[in-house]
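I have placed the structure first, in the form of structure tokens, so that the comments after it can refer back to it.
All of these numbers come straight from a predicted model, not from anything done at the bench.
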Amino acid sequence: MHIHTPETKKNPQFKGATNQEKWDNYIADINAYKEDIAVVGVTDYVCADNYFKFKQLIADGKITKSFDLVVPNVELRISPVTGDSIPINIHCIFNPAFDNEIEKRFFQKLKFEYKGRTYDASKSDLRDLGRAYKNDPGLEERIAVLDGIKQYVVPFTELKSIFDHDVELRSNTIIIVANGKDGVGGLKDHAELIEGIRYESLDATRQNIYTFSDAVFSSNEGDRKYFLGQKKNAKDVIIDDEKEVMRKCGTLMPCFHGCDAHDNAKIFEPDNKSYCWVKADPSFEGIKQVLFEPAERITVDQDNPTLNFDKPVFTGIRITGNVKVLDSDNSKLSFTQTDLPLNRGMTSIIGGRGKGKSMLINYLGYGLSKEITEKLRSKIRLDSNFSVSWQQGSESSERNFPLDAQKELPFTFIYQSKIKEIADDNDALKKEIIDILSGAGFQKPISSVDELEVKETLQKYWNIKEWLLKAENGKLVNDKTAISRSIEQVKEKIDLVTEGSNKKLLEDYVSNLKNQRLLLEENARLKRLRLQILDFKKSINDEISDLGVAIPEIDTIEQQRAIVKLYKENLRAGRELEEENNAIKEDNFQDYKGDLSQLLNNLANYQKEIIDLQRQLDEVGQQERELEETKGKLDKINKVQSDALADEATLISHTWQNSIFNNPERGKNENELIQKLLDDRNVDIRGTIFFNLSAFYATVEKYIDGRSLKPKTLPKILELLEINDQNASQDILTYTIDKIERIKAANPGCFYEGEEYDVFKVFTDPALRGKYMHVFADITVDGNPLDELSAGQKGTVYLCLKLATQLFSGPIIFDQPEDDLDNDFITNELIGLFKEIKKYRQVIIVSHNANLVVNADSEQVIIADNQGEYLSYSSGALENEIINKEICKILEGGERAFEKRRDKYRYVK
């Protein structure tokens, strides 16, 4: 935007002994420059001669380096003078399409008074001024012109008057006031001057100059921030906000920068490599877009700002030949051959009704496995000749994906009316919010409760209860008290028959019988154990053999030897007991008067009965212990489920606060943008355990016998189950099986009998429990719960959450957002959000809203057309004349949107 030539009228320092040699070196250095340069502003003082020479050198093929645009940059000195008595430096950059008008409508209109004569800036008047100043009528013309230019200082009011009276000239000129010692900043550094309270005598003058100008030449970051209303003082307070800057300067202003090359070393190389990056078509209209978007469209930096945030993007759409859209013999709708590059910023697709704007992105979305509008699902006919190109990052290679493969790529797709569908269905919205949180890192804790284990534990509980409550002839079979009483009764019988002098011997006899029986039972168990060990040995060794690897076979000889040894010892001990009992009979009961055989048989039977009863008593005790353990396990299962719900709720809250709202792993700017999306609405999300009373009633009433509980209503059931409806969720979270057993015992007729109808399942079975109790993301907006928001508010919140949580992920494709969102939100918020979001992710929208397309500053506009059922697409930048006209023709309010964009940063009294 600012390069001088070897014949520049002031301070030329280009290398070379002669003028031609200087030009040759200049041209060689330009042609040898390696980096791409899109726009060149050829600068000279009070003339454009060298601009036209530069253009001719390109036309003659001497300057071979490719430029998209070359513009004349006329540098002027205007009064008043700066603090160093130097006139203020100002630049007029003209539309090259208008360059043949500059001489007549600009240079010949300029005025400079010297000793009673008024001089314009034509070559002849500049010569005359130089000769008059030098008091040398015969001064060589070239030198005289140079001297005239050096003295030519235009009063600010005269310069302003030219443009005030020639509106067309003004519309084809960008006026940039210079910084430095010879600019307005020469009065003081730009920002320091205008924000300060000193130099009050110059206040009106400088404000006039800034108001007259379109932009500032400065690479100073303080200047850039000030003229955008963003500069802060040492206390981190904005010095002059946007409104105040517009009051002082007439508008927010961009800062341009150039190399200002007066020598070969600085050709296209500004100080500190502060290159000027402009995001626009390389055209005069493209440059003018910077005036309408001074913050987003221009950056002065060493590196390309579009690569500051590396992001995955769609780089293009390619359609080879005609591609049939719908899988129907009755439709001939087809895409025509298209090669459509896609901008990495924001792309808007527009077109009249039925022109194929939504069809393009729905086809793309469906081909990349996204959910699309219901009316097109299953109707689209995917074709390998329709493909998209994708780049994961700036360092990655571009990849091509034919859509018939339905590859999944990481991008967000919002089809037309999707937001309305979500906003109209609270349950769907809550699910979407959980999905959004999941995208931000929330993962529902994996339950440690196994449903099969729960069923098995409940079955075990019911089996034990059934065994303990088994009855015959109206009496419990496994009554612990009754069994103990039976044992005592048998013992009394033994005492009765062993009364007398042989009592001790008979007791020994009975004891020996008992021990013999126990030894026989133990040997039976040892035999079974040995067989199990042999089977185990064979199974393992067969497995080792099948593997065919060097693993030693197992040997159980030691275990078998130990078993045989114990078995023999038990046999020997049993024989000894038998011999002892034989001796008791033979040695001590020869003179017994009764039936000794019957007596001994009775004692043996009594002892067997005691052993059997004791075994039954032990089993009852074991079953009771297992029942308590099972009940404890069921209570633990309940607690684990309750803790899991609490953990899930906590994790939702944590994800919101630390992964979405204020993520310490993100940068400050990113967090501020997300907070702008959410905090302005006072959006808050907390995980909440939700208890659905009606769902609980529908679940539990099947287990309540309405013949005894009348009426079988929800309040009556809650009262029966001792659940406080004001604290129901907490009561259920702490429910125990002892509590339900106590309630069932106190209200025997109110519950159906049998394991199938055990009401405790309602509190323990995860499937049943999940019907009435779960965790959801409790969202509030300005303190109002979700249920109290309008559908429009819900849609807005949903979109903001969607954008915030996926802000730094892949592209977002959004079909007609204006259909689901009110115009006030679009105008006052969504436009600004899209302008920020597109820095971090590619945005592609289909829209018929002119404000959204124009004022969100779409970098690319795609025009959809349908001629005879053949869909075609063309594209260009917002400032492209053809695109501009199409926007105004297709979109209602298009012209007004452009006016609004042009005027939004201008001060209105």
Under a 3.5 Å distance rule, please check whether [X] uses its side chain to pair with a backbone N or O of [Y] as donor and acceptor.
X	Y	answer
Gln842	Asn343	yes
Ser790	Gln793	yes
Glu398	Gln391	no

Residue pair Glu881, Lys885: steps toward the salt bridge (Lys or Arg N to Asp or Glu O under 4.0 Å) verdict: CA-CA 6 Å; Glu881 185 177 359; Lys885 289 179 179 177; 3.5 Å; yes
Qualifying residue, where the test is salt bridge (Lys or Arg N to Asp or Glu O under 4.0 Å) with Glu296 and the options are Lys279, Lys839, Lys835: Lys835
May I ask you to check whether over 12 heavy atoms, not counting those of [X], lie within 6.0 Å of atom [atom1]?
X	atom1	answer
Arg318	CZ	no
Asp339	CG	yes
Lys420	NZ	no

Lys444: partners by side-chain contact (heavy atoms from CB on, under 4.5 Å), with sequence neighbours left out: Phe442, Glu648
Geometric class of the Phe834/Phe814 ring pair [parallel <30°, tilted 30-60°, perpendicular >60°]: perpendicular
Parallel, tilted or perpendicular: ring planes of Trp390 versus Phe314, cut at 30 and 60 degrees: perpendicular
Nearest-0.5 Å distance, OG1 of residue Thr306 to CG of residue Asn304: 3.0 Å
salt_bridge(Glu371, Arg377) N-O dist < 4.0 Å: yes
Close side-chain approach of Glu892 and His848, heavy atoms under 4.5 Å: no
